[in-house]
Trainee: 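Here's a structure for you.
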Amino acid sequence: MAPKKNAREPTPSAAATTQASSTAPASVPPPVKSSASKNGAANWDQVLQNICNHYVKETPQRIKLIDVFLLFLVAVGALQFLYCVLAGNYPFNAFLSGFSATVGQFVLTISLRVQTNEGNKNEFPGVSPERAFADYVVCSLILHFFCVNFIN
Amino acid sequence: MTAKSQDLLAGVTAPKVRTLLRVVILFFIAGAAVSSRLFSVIRFESIIHEFDPWFNFRATKYLVANGFYKFWDWFDDRTWHPLGRVTGGTLYPGLMVTSGAIYHALRALTIPVDIRNICVLLAPAFSGLTAYATYLLTNEMTTSPSAGLLAAIFMGIAPGYISRSVAGSYDNEAIAIFLLVFTFFLWIKALKLGSMLWGALCALFYGYMVASWGGYAFITCLLPMHALVLICMGRYSTRLYVSYTTWYALGTLASMQIPFVGFLPVKTSEHMPALGIFGFLQLIGFIQYVRSAISGRQFQTFLVTLLVATFGLGLAGLVGLTSLGYIAPWGGRFYSLWDTGYAKIHIPIIASVSEHQPTAWPSFFFDLNFLIWLFPAGVYLCFQNLRDEHVFIVVYAMFGSYFAGVMVRLMLTLTPVVCVAAAIAVSQILDTYLSVKVPIVDETAASSTDSAPKKAKGGLRATEKPNVGIFNNLSKVVVTGAMTIYLLMFVTHCTWVTSNAYSSPSVVLASRLPDGSQHIIDDYREAYQWLRQNTKEDAKIMSWWDYGYQIGGMADRPTLVDNNTWNNTHIATVGKAMSSREEVSYPIMRQHEVDYVLVVFGGLLGYSGDDINKFLWMVRIAEGIWPDEVKERDFFTARGEYKVDHDATETMKNSLMYKMSYYNYNTLFPSGQAVDRVRGVRMPDQGPVLDTVEEAFTSENWIIRIYKVKDLDNVGRDHGAAAAFARGQKKKKIQKKRGARVLRVD
Amino acid sequence: MRSLVSFVLLLFTALVSALSSSGTRLLVVLDAVEEKDAYSTFFTDLVERGYEITYETPKSEGLSLFEHGERNYDHLIFLPSKIKGLGPNLTPNILLDFINAEGNILLTMSSTHSVPSSLVALLSELDVTLPSERTGSVVDHFHYDTISAAESHDVLVLSCPPNVRPGLKDYFQLPGTALTFPRAVGHVLGSGPLLTPILRAPPTAYSYNPKEQADVVDPEDLFAAGKQLALVSVIQALNSARFTILGSAEMLEDKWLEVQVARPQERPQYTSNREFWTSLTAWTFKELGVLRVNSIEHHIVGDDEINPGLYRVKNDVAYKISISEYAWRRWVPFTVPQGDSLQLEFSMLSPFERRDLVAESETHRETIFTTNFTLPDQHGIFNFKINYKRPFLTSLEEKNTVSVRHMAHDEWPRSYVISGAWPWLSGIGVTVVGFVAFSALWMYSQPVKKTSAGAKKTQ
C-alpha cells in the first residue's frame with residue numbers, strides 16, 4: 001500500500017497545506033500546479049488562474065462543502081502518513097485501519113461529490129442526490145465498522 | 001428444454017405470466033442442479049468425499065461444538081504433530097461458518113439435522129444459488145430473456161462445476177463459485193449504475209469470498225484488470241471511479257478482517273494490481289476533473305508531467321519496497337501459473353498435487369462439452385455490442401482460459417464465463433431463428449446434425465445486419481433442430497459424466513464384478529476404523545500427507561502431516577523417513593513420537609494411486625531439504641528406470657516405504673509367483689525384512705497397511721540385532737577377530 | 001481422598017511384598033539340589049529377608065519360567081553348572097523374555113565350571129563377552145590370597161570397590177574392607193550405557209584358560225587384563241529389570257566366611273563377602289535403588305487448575321514432582337546423589353527448556369522437586385519430560401504432554417493500550433467525527449442548497 005500512496009497522497013496534501021498557509025481560499029485543484037511546477041513554465045500561472053476561476057465560478061455551494069471536508073480528510077491522511085514515516089508503523093493494523101479509514105472516507109466523499117454534481121447527471125441515471133447521500137452514509141458506516149474492528 | 005419453454009413464452013405477452021414462468025423455470029433449474037449432484041449419495045452413501053472435505057467437516061464439527069470464538073482461536077494439537085496448527089488463523093472460515101449458521105438456523109426452527117448431512121448437501125444447495133447468480137450475471141450482459149435462463153441451466157449441470165460440488169464434496173469451492181459469480185454480478189451492477197451501494201455490496205460479497213476460498217485472488221486481479229482495460233480503451237467514467245474505489249476501499253478492509261489474510265492485501269504482490277489501479281484511478285479522476293477546467297494545450301503538458309512523475313515514483317517505490325522485503329514477491333503458486341515447469345524444479349510440493357498439473361486438452365471437452373465451442377462465439381458476440389460489461393466478459397474469458405489451461409483445478413473459474421458466453425451465443429441463435437413466426441419446435445428432432453455448425457455460423461453472420469431476417473422455414477427448422485439436439489446431447493453428456501466420473505467419494509472405491517454388479521472396496525474405512533478402535537487416543541500416525549485429513553477425520557488420530565501443506569520441512573521429514581534406510585528412519589520416527597506408520601499399497605488390487613507410485617515425490621521433496629542424504633538418482637536403475645522388482649536399486653529396496661509396501665507380500669503367492677499388479681512386474685521371491693517396525697494391520701485388499709513402530713530394545717541392542725536374535729540367528733562373535741579391541745572407558 | 005487412596009495402596013504393597021519391591025518368588029538353578037548346602041548362609045540370609053526359594057535343576061521337567069504368559073518367578077539365580085546347555089526350558093530367548101517381563105537374574109560363574117552355552121548366548125546379546133571356550137580363570141600375582149592359593153594365585157583378595165564414577169549411589173561401597181574372589185571368571189563389557197561394572201580386576205590381573213594356556217599365555221591370545229576385566233557387573237534393562245554377573249560363585253560359599261585371607265606382605269583379615277553379597281542381591285532383587293514417582297503437578301503460576309492440558313505461549317509454569325526411593329523395606333525420600341542433578345526438559349522435537357529440579361521439601365516418605373519457568377514463545381505439542389536414567393537406579397521416564405497454544409485473538413493488547421497506536425486511533429476518531437459533522441451539516445443545509453442549485457441552473 002505504501003508505495004502507491006507515497007506516489008499519490010503526499011503530493012496533493014503537502015501542496016494543500018502550503019496552499020492553505022499562503023492563500024486563503026483553500027481548494028483541491030491548486031496542488032496540480034505545485035506538483036507539476038517543476039517545469040517552471042510561465043504559463044503555469046495561467047493554468048492556476050484558470051482553474052481557480054473555473055472553480056469559483058462553476059462550483060455549487062454544497063460541492064464546496066464537500067470540498068472542505070475533502071481537504072480536511074487530506075490533511076488528516078497526510079498527518080497520519082507523515083507520522084508513519086517519522087515514527088514507524090509499529091502497530092501495523094492500527095496504522096492500516098487509521099489510514100485506510102481516512103482514505104476510504106476520502107474516496108467515498110469524492111464519489112458523493114461526483115454523484116451529486118449536476119454535470120454528471122447523465123452518467124448516473126438511477127442515482128438521485130438523496131439516494132447518493134443514503135448510499136454514502138451506508139458505505140461510510142460499513143467502512144467505520146471495519147476500521148474499528150480491525151484496529152481492535 | 002429450457003430454451004424451448006422460454007421461446008414459447010415469446011408469444012405470451014403478459015409480463016406477469018412471464019415473470020411467473022421465469023421463477024418456475026429457475027426453480028426447476030435449481031432442482032436439476034441439485035438433483036444431478038445427488039448421484040454420489042445414491043450410488044454410494046451420504047459420506048464426505050476425498051481429502052480436504054474431511055478437514056472442513058472436522059472443522060465444522062469443532063465450530064458447531066465449541067462456538068465461533070473457540071473456533072476463531074482454535075489451536076489444533078492433533079495435526080502436524082508435534083508442531084500443531086493454528087487452525088483458526090490459517091483457514092478460510094467461510095465454508096464452516098456458513099454450514100454452522102445453517103445448522104443453528106435449522107435448530108432454531110426446531111428442525112434437527114445432523115451436521116454431516118448439512119455438510120454433504122451444502123455444495124448442491126449452493127449450486128442452485130450459483131445457477132441463479134449466473135442468471136443474474138447473464139441478464140446484465142444481454143437483453144435477450146432466454147440467455148440468462150440458458151446460462152443458469154448450463155451452470156447448473158456443467159461438469160466443470162459439478163466436479164467440485166457433488167453432494168459430499170464439502171470443499172471451499174462449494175460456496176466460493178457462487179460467491180465468485182455473485183460478486184461479478186454485483187460488480188457489473190455497480191459499474192453500470194455507478195452506485196456506491198452496489199459497490200459496497202460487491203465489497204461485502206468479496207469479503208465473504210475472501211473468507212471462503214484462496215481463489216479470491218482471481219477477483220482481486222480480474223476487477224483491476226477490467227478497470228485497466230476500460231481506462232486504456234478510453235472508457236473511463238465517473239461510474240467506474242465510484243464503483244471501483246468503493247469496492248476497493250471497503251473490499252480490502254473486509255478482506256483484512258480474515259485472520260488468514262491479515263496484512264496480505266498490502267504486503268504481497270498478488271494484491272498490488274488492485275492497489276495500483278486504485279491509485280491510478282485517483283489520478284485519472286483528478287486529471288479528468290482538471291481537463292474540464294482548463295484548455296487543451298495546457299492540459300497536455302500538465303498530463304505528461306504528472307503521469308511520468310507518478311509512474312516513475314510508483315514503480316520505483318514498488319521495486320524498492322519489494323527488494324527491501326516490505327512487499328513479499330510473488331508466491332510460488334503464482335510463478336507456476338506463468339511457467340508450468342517452475343514448480344517441478346523449485347517447489348515439488350506444489351507440483352506433486354495432481355490438481356496443480358496443467359490441463360489436458362480433452363478435459364476441456366469432457367468438462368464443458370459443446371459449451372467450449374460456443375464459448376468463442378459468445379465472446380465474439382460480446383465484441384459485437386461492446387459495452388463496459390462486455391469488456392468484462394472478454395477480459396474474464398481471456399484470463400479464465402489461460403489459467404484453466406495451466407492448472408486443472410482452475411477449470412472451475414473458467415466454467416462460469418463459458419456458461420455465460422455460450423448462453424449468449426445459443427440465445428442469439430435461437431432468438432434469430434425463432435424470432436418471427438413461431439415454428440413448432442418439437443417437429444425438428446429428426447433433422448441432420450452435421451450441417452448444423454455451418455448453419456449456426458450463417459446465423460451469426462445474419463445477425464450482424466439487423467435488416468436481414470431469416471424467413472425460410474426450412475433453415476429455421478434445421479438450425480433450431482440441430483441446436484435442440486445439441487442441448488439434449490449436452491444434458492446426456494453432463495448426466496453421464498456426473499454419474500460416472502465425478503460422483504466417486506474416493507474414500508470408497510467401486511469396481512465391477514464379472515457379472516456387472518457393483519463391488520465396493522472399502523479398505524480405507526476399514527483401516528481407519530481399525531485405527532480408531534485399536535490404538536491409543538493419542539497414537540501418532542505417520543503417513544504421506546495425502547491421507548492426513550482422512551486420518552484426522554475418520555480415525556480421529558493425530559497425524560504428522562496433512563493436506564494443509566504449510567510446512568514443507570515437516571513434509572520433507574516424513575519423506576525422508578519413508579525414503580531412507582530403517583536405521584535412518586527410526587530415530588526420526590522416535591523423535592516425532594510416531595506410533596504407527598500407514599502406507600497405501602495397490603499392488604494386490606491394481607490400485608494405481610498408491611504410495612509406491614507417489615514415492616518419487618516423497619524422494620524429491622525430501623531431497624529438496626536434504627540433498628546430501630536423499631538422492632532421487634539412487635532410486636533409478638542404471639538405465640534410468642523406476643523399478644520395484646529384481647532390478648530395483650539397493651536404495652529402493654532398503655527404503656522404508658518399499659519394505660513396508662512389499663513386506664510379506666510374496667507369502668500371498670506360490671513361490672516365485674508374486675506379482676505387483678499396478679506395476680505389472682514379478683516380485684523377488686525373498687521379501688524384505690523389517691526390523692524397526694512390525695506389521696499391525698493390513699486391510700482386506702491390502703490397500704492400507706499399518707505398521708507399529710517398535711520401542712527401543714529393552715537390553716540396548718540395535719533393532720537389527722534384536723530382530724536377528726528373535727529369528728534365531730546367532731550373533732557373530734566380533735571379539736574373536738584380531739585387531740584393536742574396543743576398550744570400555746568409564 | 002487422593003492421599004488416603006495412595007496410603008492404602010502403599011499399605012497393600014507393603015504387605016504383599018515383604019521386602020523386595022518386585023516380588024519374593026526366587027528360583028535357584030543349580031546342577032543338584034544338594035549343592036545348595038555349600039551356600040547355606042547365603043540362602044538362609046535370603047529366606048530371612050523374605051524370599052520363597054525354589055531349587056531346580058536345568059533338567060527338571062517342571063521347570064518353567066512362564067505360565068500363561070506370566071512369570072512364575074520374580075527372581076532367578078544361576079549357580080555354576082556342569083551342563084553344557086541348559087535345555088529347552090532355559091533357552092536364551094526365554095531368558096530374554098524373562099528380562100523383558102521385568103524378571104531379575106543373578107548369574108554366578110566359576111572357573112571350575114564352564115559356562116552353559118545358553119547363558120553365553122544371552123550374555124552376548126547383552127554385550128558381555130566371556131573368555132573363549134567358556135572357561136577362564138582370573139589370576140593376579142600381586143593380589144592373591146597367600147593362605148589358600150599360594151601357588152595357583154587364583155584366589156583374589158581385593159579391596160572393596162570404589163564407586164565406578166562420581167554421581168552414583170554408593171550401594172556397593174564397603175570402605176576399608178576386603179573381598180575374596182576365589183576362582184573367578186572375568187568378563188568384558190561392551191560400551192553400552194546399560195552396563196555398569198561394580199568390581200573390576202586390579203591392573204595386574206589377567207585371565208587365562210587353565211586347560212589350553214596352562215604353561216604360557218601368548219599376548220595375542222590374552223582374553224583380557226587389568227581394568228578391562230570385570231569381575232562383578234550389573235545390567236539394568238530399560239524396563240528396570242536387573243541382571244547381575246558375579247564372576248566367582250565360590251565367594252558366596254560358607255567356607256569363605258570363616259577363614260582369614262591375606263595378600264602378599266599383608267596381615268590376614270576376615271573378608272566382608274557377606275556384606276557385599278547382601279547388597280548385591282538386595283540391589284538385584286530390587287530392594288535397593290527403586291524409584292517411584294508419587295505425583296506430578298504442573299500448573300500456571302497463580303492458577304488453581306492442576307495439570308491443564310493446554311497452556312499459552314509465555315505462561316509462567318510451576319512444575320512439581322514427588323519421588324520416593326525404596327531402600328530396605330520402606331519408601332524413603334529420594335535424594336539426588338552428590339554431583340548429579342535431576343532435570344526437567346520442556347521439549348518439542350528438541351528441548352526448549354532444561355532445568356535442574358530443586359528439592360523443595362521432604363517428608364518421611366517423599367521428596368518434592370520443583371521448578372518454575374516461562375514457556376517459550378512457540379506453540380506446539382510439548383512434553384514435560386523427566387528422563388532420569390542412572391546406573392543402580394530404576395529408570396525414571398515421565399512424559400506429560402501438553403499443548404501450548406498461540407495467543408487468542410482477544411489476548412493481544414488492545415490498541416488503546418499501545419501508545420503507538422494512538423495517532424491512528426485519533427485518525428479514525430477524527431474521520432468519524434468529521435463524517436458525522438459533515439453529514440449533519442449536509443442534511444441541515446440541504447434545502448438551501450437545493451434552491452441555490454436551482455439558481456445556478458438558471459444562471
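What you see is a predicted model, and the numbers here were worked out from it, not measured in a lab. Naming convention: chains lettered A, B, ... in sequence-line order (proteins, then strands); numbering from 1 in each chain.
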Trainee: Quick one, S195(B) and R131(A) - any side-chain contact, counting heavy atoms below 4.5 Å?
Mentor: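 Counting from C-beta outward, S195(B) and R131(A) do come under 4.5 Å.
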Trainee: Once you round to the nearest 0.5 Å, how far does CG of L253(B) lie from NE2 of H144(A)?
Mentor: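 So the gap between those two atoms works out to 10.5 Å.
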Trainee: Carefully, step by step, assess V107(A) and Y248(B) under the rule side chain to side chain contact (heavy atoms under 4.5 Å, CB included).
Mentor: CA-CA 10 Å; V107(A) 295; Y248(B) 183 75; over 6 Å; no
Trainee: Counting heavy atoms not belonging to Y69(B), are there more than 12 under 6.0 Å from its OH?
Mentor: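 No, not enclosed.
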Trainee: Less than 4.5 Å to any heavy atom of chain B: does that hold for the side chain of F145(A), its backbone, both, or neither?
Mentor: neither
Trainee: Supply the atom-to-atom distance T246(B) OG1 to L112(A) CG, rounded to the nearest 0.5 angstrom.
Mentor: 10.5 Å
Trainee: Does the side chain of V266(B) come within less than 4.5 Å of F99(A)'s, by heavy atoms?
Mentor: no
Trainee: For the interface with chain A, which of G194(B), A316(B), A200(B) has the highest count of heavy-atom pairs at distances below 4.5 Å?
Mentor: G194(B)
Trainee: What's the spacing between Q257(B) CD and C147(A) SG if we round to 0.5 Å?
Mentor: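 SG of C147(A) is found 8.0 Å from CD of Q257(B).
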Trainee: Taking C-beta and beyond as the side chain, do W198(B) and D135(A) meet within less than 4.5 Å on heavy atoms?
Mentor: no
Trainee: How many angstroms lie between atom CD1 of I110(A) and atom CD of Q282(B), to the nearest 0.5 angstrom?
Mentor: 6.5 Å
Trainee: Which of residues 202-212 of chain B have a heavy atom under 4.5 Å from any heavy atom of chain A?
Mentor: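 Hits under 4.5 Å: L204(B).
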Trainee: If you compare all heavy atoms of F263(B) against all heavy atoms of L96(A), which two are closest, and at what distance to 0.1 Å?
Mentor: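 Heavy atoms only, the tightest pair is CD2-CD1, 3.6 Å.
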Trainee: Go through the steps to decide whether T252(B) and S100(A) satisfy the test side chain to side chain contact (heavy atoms under 4.5 Å, CB included), and finish with yes or no.
Mentor: CA-CA 9 Å; T252(B) 308; S100(A) 25; over 6 Å; no
